[in-house]
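Just the heavy atoms: all of them, side chains too, but no hydrogens, waters or symmetry mates, feed the values below. Order of the sequence lines fixes the chain letters, A, B, ..., with proteins taken first and strands second; residue numbering starts at 1 for each chain.
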Amino acid sequence: MAYRKDSAVNWCPDCQTVLANEQVIAGLCERCDNAVTKKKLNQWYFKITDYAERLLDDMKALEGKWPDKVLTMQRNWIGKSVGAEVTFEIEGRAEPITIYTTRPDTLYGATFMVVAVDSELARELAIGGKVESEFKTYFDSVKAASDIDRLATDRPKSGIFLERFATNPVNGERIPIWASDYVLADYGTGAIMAVPAHDQRDLDFAQAMKLPVRTVVETDGEDPATSGIATAGEGKLINSGSLNGLSSEAAIAKINSELAAKKLGKAANNYRLRDWLISRQRYWGTPIPIIHCEKCGEVPVSLDQLPVKLPDATGLDLKPKGTSPLATATDWVNVPCPKCKAPAKRDTDTMDTFVDSSWYFLRYTSTNTHDAPFDKNEVETWLPVDQYVGGVTHAILHLLYSRFFTKALHDMGYVSFTEPFSRLLNQGMVLKDGSAMSKSRGNLVRLSDELENHGVDAIRLSMVFAGPPEDDVDWSDVSPAGSAKFLNRAWRVSGDVTSKPGVDFNTGDLALRKITHKSLHDIGIAVESFRFNVAVARVMELVNAVRKAIDSGCGGADPAVREAGEVIAIALSLVAPFTAEEMWERLGHKPAIALAGWPIFDPKLLVEDAVTAILQINGKIKDRIEVSPTITDAQLQALALANPGVIAGLGGATVKNVIVRAPKLVNIVI
RNA sequence: GCCCUCGUAGCCCAAUGGCAGAGGCAGAGGACUUAAAAUCCUCCAAGUGUCGGUUCGACCCCGACCGAGGGCACCA
């Protein structure tokens, strides 16, 4: 699962450390927004690519439980592609070259081959030939270009002919081999067959280098050789020997089995996902628990020595300088080899902090466990996390790594589940003048002033009420003053209640009780579906209703008023706990409201005495009538057809159809 | 270029395919007050981005377009 390799890695010159692919956003460092360069280094990796297929597959079970957006981003990041590997013989080389393609059906249209200029393969093909110096010049110019330049898709194609030839296995055709930077060294095999007629990149290259274009899939599109637009869609195969006349899909199946039979190729998949580079040249991080011994090689620190703790930072230069600060802590670095006891050295890099966040939720269940990372029983009791809440900024980084860790730990027998977070909510950000409030940019408003002016309950309430939790909210739309006003209004209700705690609510005003229980029902549903803004609105309604009851209805002594007041206090305790607690005590209860529990609504009180039925003709409202909620379709239809407004509206026209949805609606079609 | 999400009163936002408004902000008027604040009451506003389609009926489903936001982008 962990291995070390030499590779050209992402390097942030500003942070002076390496970065994982996931931490490079459009060529820029995720942390500091500076351009990332490449550096050849020997670093540690986790084999997340072994889990690519399962990370992709298991997302099916997260559909509807995680935001689609996050699932899409992870699918894009994993980037599965289905295709085939095909082997080409090379003139003057014993070993053939294997290429990866998603369109094996276009094999007859391959008019040249391209290898990544920065691949070992290109180097080997060029060195010793007459293009060696030309190749080196091109290679150096490519190396000098930044990642950002390289990411531009509208860049003109560049490359050099290596003066070497490959043989197309299906038709024996001799095709030239080119080196270019539009082929990536670390994807697939670093070499492609170029089919200019049906791949835009290949066509651009062919036109730039005056290479032939041969159409092998007949589509509605214009001839790519003259239009300059590759026809990438499916069609009927032509100029393709035994594949002629087949659809693309059938051709792919046929060519794959033919190649497999001749051992010239096979169906294969590829993933955009790369292994996770976890080494960092940092002090703050988890030391890599490996000891390097000249004789024994990489030796893991023994179990009883774990975890490896960082050396005292005193006296160490912790400023980023491109090498690990731990290397200078010689007392810490120099240790005997656990195997042969000869002098050896600790690995001086630390791990990416995303390694820590990939399993912290396991540790959180087991804070009293000191001889293991986590306690299996505790983990099984508490996990997986039922509801996870986090920003969409971690859609790929933290959330993909955590899923990978969980699966790997599952396979090693440490946990029984394969997904860490059953449900995910992406909360939105708070914006001020277009910028997000964040750790790096700060609050952007003086929170102390806001708290001083309005109180923490009002601030929290107004944030919750401003909109759905997954939406961003602009600070100018947050109204702590309005919330403070509402909290006051709610709080005053608790002072207007004159009945004693424990009074029998059943003797209270029925109309108000119905409103209270309907509110309770609706608030519960809103909270459980994370529509907190709606839940708050329902509490506001209830406050309005009880205010009216106190001032001009049943009065503050009615038990129903107490019931409503208590429901308001308990509901508010979710977002305004201080106000709610005061209300609770003013209502004559002992602390704390948190112990009061959630009241159960009475289904009988949800039944309305009468409902308004809408009478429509052709979908247009003609009248409204009050009816019993238990009225039947037939009864309602009869009432509708006898309604004066309806009769007038019909004007004697023939009724074609009557749609009845008792007790709410009748629609008469004429 | 490809993919996803979202467009409802001046603003933030609600509405199992069935009365477009639940709630709030802002605004107007009134009550209380010597006055103001606070409080209470009342009022105010959109026909749901545009154009089609499906349906007895569409903010809701489908298609195209416009606009905003986000993701991916030389991955063969």
Side-chain angles (χ1 to χ4, degrees), chain A residues 25-26 67-77 79-81 83-84 99-104 106 110 113-114 116 150-155 157 180-195 198-202 204-205 232 270-274 392 395-396 461-462 465-468 470-474 476-483 485-486 488-489 492 519 522 526 531 533-544 547-548 550-552 612-624 655-661 664-670:
Chain A
I25 313 293
D68 287 341
K69 194 177 167 180
V70 174
L71 296 177
T72 303
M73 285 169 74
Q74 292 211 355
R75 284 195 186 100
N76 282 341
W77 188 258
K80 180 179 182 176
S81 101
I99 58 97
Y100 173 73
T101 179
T102 53
R103 292 294 300 271
T106 63
M113 176 182 277
V114 187
R150 198 173 167 158
L151 282 170
T153 52
D154 51 356
R155 220 158 46 99
K157 292 279 182 285
S180 174
D181 66 346
Y182 88 91
V183 171
L184 306 177
D186 61 350
Y187 182 80
T189 61
I192 63 155
M193 65 169 190
V195 184
H198 308 298
D199 183 290
Q200 191 60 46
R201 296 154 303 185
D202 295 345
D204 292 343
F205 192 84
N270 251 308
Y271 300 89
R272 215 188 73 120
L273 183 72
R274 307 294 149 85
V392 74
I396 293 172
L461 180 79
S462 54
F465 185 58
E470 51 277 292
D471 286 4
D472 288 348
V473 56
D474 197 288
S476 60
D477 295 322
V478 173
S479 173
S483 291
K485 197 170 122 186
F486 162 67
N488 252 311
R489 201 170 143 81
R492 261 184 308 111
S519 299
D522 291 353
R531 286 148 67 230
N533 53 327
V534 179
V536 171
R538 294 288 168 267
V539 182
M540 287 174 169
E541 274 180 280
L542 182 55
V543 170
N544 289 344
R547 182 78 259 154
K548 198 168 229 167
I550 292 166
D551 291 345
S552 56
T612 306
I614 308 143
L615 309 182
Q616 299 177 326
I617 296 176
N618 285 345
K620 302 221 162 37
I621 295 155
K622 293 297 165 190
D623 202 359
R624 302 177 171 90
V655 174
K656 285 189 193 152
N657 193 10
V658 182
I659 288 103
V660 187
R661 294 284 180 273
K664 294 178 79 176
L665 172 126
V666 178
N667 187 19
I668 300 161
V669 186
I670 55 175

Exercise. Quick one: on RNA chain B, does I621(A) or S483(A) contact a more 5' nucleotide (nearest heavy atom)?
Worked result: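 Nearer the 5' end of the strand: I621(A).
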
Problem set entry | 5'-most by nearest nucleotide on RNA chain B - R531(A) or T189(A) |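 That would be R531(A).
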
Problem set entry | Separation between CD1 of I621(A) and CG of N667(A), rounded to the nearest 0.5 Å |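 So the CD1 of I621(A) and the CG of N667(A) are separated by 10.0 Å.
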
Looking only at atom [atom1], what distance separates [N] and [M], rounded to whole Å?
N: rU48(B); M: rC13(B); atom1: C1'; result: 13 Å
N: rC43(B); M: rA36(B); atom1: C1'; result: 23 Å
N: rG47(B); M: rC59(B); atom1: P; result: 13 Å
N: rG67(B); M: rU50(B); atom1: C1'; result: 10 Å
N: rG70(B); M: rA9(B); atom1: C1'; result: 28 Å
N: rC6(B); M: rC25(B); atom1: C1'; result: 22 Å
N: rC44(B); M: rG23(B); atom1: P; result: 14 Å

For this session: Using a 4.0 Å heavy-atom cut-off across all strands, classify R75(A) as base, sugar-phosphate, or nothing.
Result: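 Since no nucleic acid heavy atom lies under 4.0 Å of R75(A), the category is nothing.
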
Exercise. Is P67(A) touching bases, backbone alone, or none of the nucleic acid, heavy atoms closer than 4.0 Å?
Worked result: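 Nothing: the residue P67(A), judged by heavy atoms under 4.0 Å, touches no strand.
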
Exercise. Can you list the residues that meet the side-chain contact (heavy atoms from CB on, under 4.5 Å) rule with Q200(A), with sequence neighbours excluded?
Worked result: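 side-chain contact (heavy atoms from CB on, under 4.5 Å) check on Q200(A) returns L203(A), D204(A), I229(A), A230(A).
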
What protein N or O atoms touch nucleotides 4-7 of chain B N or O atoms at under 3.5 angstrom, if any, and at what distances?
none

Are any non-hydrogen side-chain atoms of [X] and [Y] less than 4.5 angstrom apart?
X: M113(A); Y: I192(A); result: no
X: V70(A); Y: D68(A); result: no
X: I670(A); Y: I617(A); result: yes
X: V666(A); Y: I614(A); result: no
X: V539(A); Y: S519(A); result: no

Seminar exercise, completed: With B for base contact, S for sugar-phosphate-only contact and - for none (protein heavy atoms under 4.0 Å), nucleotides 39-44 of chain B reads SSSS--

Exercise. Syn or anti for rG63(B), with syn set at within 90° of 0?
Worked result: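 Judged by the O4'-C1' to base torsion, rG63(B) sits in anti, the angle falling more than 90° away from 0.
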
Exercise. The side chain of F465(A) lies closest to which of these nucleotides: rC25(B), rG23(B), rC12(B)?
Worked result: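 Selected nucleotide (nearest to the side chain): rG23(B).
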
Check the phosphate of [N] against [X], side-chain N and O only, distance under 4.0 Å to OP1 or OP2. Yes or no?
X: Y182(A); N: rA76(B); answer: no
X: S462(A); N: rG24(B); answer: no
X: R538(A); N: rA15(B); answer: no

Problem set entry | Minimum heavy-atom distance I396(A)-M73(A), with the two atoms named |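 Taking every non-hydrogen atom into account, CD1-O, 3.9 Å.
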
Problem set entry | With K80(A) via side chain to side chain donor-acceptor pair (under 3.5 Å) - residues at least two apart |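 Residues passing side chain to side chain donor-acceptor pair (under 3.5 Å) with K80(A): E53(A).
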
Exercise. What residues, two or more places apart in sequence or in another chain, satisfy side chain to side chain donor-acceptor pair (under 3.5 Å) together with D623(A)?
Worked result: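 Only N643(A) meet the side chain to side chain donor-acceptor pair (under 3.5 Å) criterion with D623(A).
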
Are there any protein N/O atoms within less than 3.5 Å of an N/O atom in nucleotides 55-59 of chain B, and if so, which ones and at what distance?
unit_1  : atom_1 : unit_2  : atom_2 : d
rC56(B) : O2'    : N667(A) : ND2    : 3.3
rC56(B) : O2     : N667(A) : ND2    : 2.4

Exercise. Which word best sums up how the rings of Y100(A) and Y187(A) line up, parallel for under 30°, tilted for 30 to 60°, or perpendicular for over 60°?
Worked result: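 Y100(A) vs Y187(A) ring planes: perpendicular.
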
